[in-house]
Amino acid sequence: MRPGEIAVEGVSRRFRVYRRDARSLKSLVLSRGRGPATDVWALHDVSFAVEPGSAVGLIGRNGSGKSTLLRILSAIIRPTSGRVDVGGRIGTLLELGAGFHPEFSGRENVFLNGSILGLKRAYIREQLDEIVAFSGLEEFIDLPVRTYSSGMYMRLGFAIASHLSADLLLLDEVFAVGDEAFQRKCFGKIFDFKRNGGTIVFVSHDAGAVERLCERAILLREGRVAFDGPTHDALTEYHSLLADERDPAESVAGLSEWGSGEARIADVLVCGPGGEEREQFLSGEALSLRLKLVASGALPPPRLSFELRDEAGRLLAGGGADTAELGWPDGPGEVPVRFDVDALPLADGRFHFALALDGAESGHLYHRLAHVAPFVVYPAGGERGAVLLDGRWSEGEVAAGAEVRRS
């Protein structure tokens, strides 16, 4: 096969799960600790082909078989039936940092982990400075990795794995690594691999990342191929699977957009008081959230709702509006709307919005954006915390009933 080419024909994968019940020591010994077996099929008759130099996304709900398929492609596990052929050398970014020794320094673990990934010691020595620089851990590279935060641990793992010399790169939710700046660096590294003719198979719940990186996507549903085609169409099919769920489990893994799609929130901008697009505000400044709502056909005016959340995902405020009052069209069309805040009641921190369009009476979810329009608020004075408590100080007497009692 050509380097980077993939051929998957009729692949199925079964896992045999044994239930362990409380029993006597004798029965444990005789049965070797195994109870009745249950067969769980993670994949059913999956077939597809990938040309060298392509970027293909694997999408689907949790448990649909995406990660199992990646592990079969990487030869970590074998299919129960069917055939998989992969040409050239495979690079995997699946379990970042697997094999790190907690008592070894970051530098020692670069050599250890690189050897596990198949890199020669001479090559690791040549690339060491670049690997350390890419991870951004120059100050900590000689400390034991047990002292690293989880983000530092994953950054070092990605830096090592991204320096593999491979024809095919298998990626599993790698953009949850580190902070936003490091994620951009990771994305740039992977784009360089793609521009140089490498083949990519990418698993992610981040629709934006899949659409930017992949021109084709395969939707898996209960272990079967439900759709194989252009990325945008595949994502539309995927989002429609989640249309009636308010908070799907996949949202914690990076899923940021879902819904049936008959009505959509097409554009979202955060603007200053003059209408200019901005991402930074002073506490108490005016903010304008500007949206474009799109209807693909005639449907009753949906309800538009918003949530304001902080960096940790805590809900700070929420509300909504009836789109019938905002000029919702009788048929296909677009509606520009805006939500103006005269003075931000926020003091300091990073914030974002969540937006949704759903049936006012049915509750059917047309479109939800879980993490959109991020912005930063800086203190204008001595404010602290997330909320701006705007009050007035004045001289006044304390009523007798409210005096503080002293023991």
Side-chain angles (χ1 to χ4, degrees), residues 149-151 175-176 178-181 183 205-208 242 245-259 263-293 302-323 325-326 336-360 363 365-393:
S149 67
S150 58
F175 297 122
D179 55 23
E180 187 175 345
Q183 289 177 21
H205 289 296
D206 185 343
L242 307 168
E245 296 199 29
R246 314 309 300 176
D247 187 20
E250 289 82 358
S251 60
V252 299
L255 179 69
S256 60
E257 180 182 5
W258 62 95
R264 294 181 58 80
I265 305 165
D267 290 327
V268 183
L269 295 176
V270 177
C271 301
E276 73 284 4
E277 186 176 357
R278 288 171 58 179
E279 293 184 358
Q280 299 179 352
F281 294 84
L282 287 176
S283 179
E285 264 197 298
L287 175 147
S288 179
L289 181 66
R290 305 193 179 189
L291 317 175
K292 182 170 72 175
L293 311 181
R303 177 172 175 77
L304 171 65
S305 59
F306 78 89
E307 297 172 352
L308 177 66
R309 294 182 177 270
D310 64 10
E311 191 173 17
R314 291 184 291 256
L315 178 64
L316 302 180
D322 185 354
T323 57
E325 300 175 359
L326 301 175
V337 300
R338 56 190 290 174
F339 178 60
D340 295 308
V341 180
D342 294 332
L344 275 173
L346 303 172
D348 184 16
R350 295 179 178 272
F351 306 91
H352 64 271
F353 285 97
L355 303 168
L357 282 172
D358 51 26
L365 182 63
Y366 296 117
H367 195 202
R368 178 170 173 83
L369 296 170
H371 192 297
V372 71
F375 63 96
V376 182
V377 176
Y378 295 104
E383 304 92 347
R384 291 182 298 167
V387 178
L388 175 62
L389 189 60
D390 193 7
R392 294 183 304 276
W393 289 100

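- Here the side chain of E285 pairs a donor or acceptor atom with the backbone of L282 at under 3.5 angstrom.
- Once rounded to the nearest 0.5 Å, the distance linking NE2 of H367 with CD1 of I265 reads 6.0 Å.
- For the pair V341 and F339, the minimum side-chain heavy-atom distance is below 4.5 Å.
- If you take CG on L289 and CG on L291, they are separated by 4.5 Å, rounding to the nearest 0.5 Å.
- Residues A354 and A370 come closest through the heavy atom pair CB-O, 3.6 Å.
- Smallest separation of non-hydrogen atoms from E279 and P374: CG-O, 4.2 Å.
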task: I would like to know whether V270 and F281 meet side-chain contact (heavy atoms from CB on, under 4.5 Å); could you show each step before the answer?
output: CA-CA 10 Å; V270 177; F281 294 84; 3.6 Å; yes
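- Pairing each heavy atom of P379 with each of S283, the nearest pair is CA-CB, 4.2 Å.
- Distance alone, capped at 3.5 Å, places no donor-acceptor pair between the S305 side chain and the G319 backbone.
- When the shell of 6.0 Å around CD of E276 is examined, it contains more than 12 heavy atoms from other residues, nucleotides or ligands.
- Within the 3.5 Å criterion, the main-chain N or O of E325 finds no donor-acceptor partner in the side chain of D322.
- Summarising the geometry of A347 relative to G385, their closest heavy-atom pair is CB-O, 3.2 Å, with the distance given to 0.1 Å.
- Side-chain atoms of H352 and E311 form no donor-acceptor pair, as typed in the model, at a separation below 3.5 Å.
- With rounding to the nearest 0.5 angstrom, the CZ atom of F306 is 9.0 Å from the CG atom of L355.
- The distance from the CG atom of L369 to the CZ atom of F353 is 12.5 Å, given to the nearest 0.5 Å.
- Contact of the L346 side chain with the L308 side chain is registered, since non-hydrogen atoms from C-beta on lie closer than 4.5 Å.
- Looking only at distances, a side-chain donor or acceptor of T323 sits under 3.5 Å from a matching main-chain atom of P302.
- Across R338 and D340, no two heavy atoms sit closer than the pair NE-OD2, 3.1 Å.
- Classification of R368 and E307 as a salt-bridged pair holds, one side-chain N sitting under 4.0 Å from a carboxylate O.
- The 12-atom threshold is exceeded at CG of L315, counting heavy atoms of other residues, nucleotides or ligands nearer than 6.0 Å.
- Formation of a donor-acceptor pair under 3.5 Å by the R278 side chain with backbone atoms of Q280 is found in this model.
- In this structure, CZ in R264 is found 10.0 Å from CG in L357, a value given to the nearest 0.5 Å.
- Annotation: the span from L287 atom CG to F375 atom CZ amounts to 5.5 Å, rounded to 0.5 Å.
- In plain terms, the two heavy atoms of C271 and R290 that are nearest each other are SG-CD, 3.9 Å.
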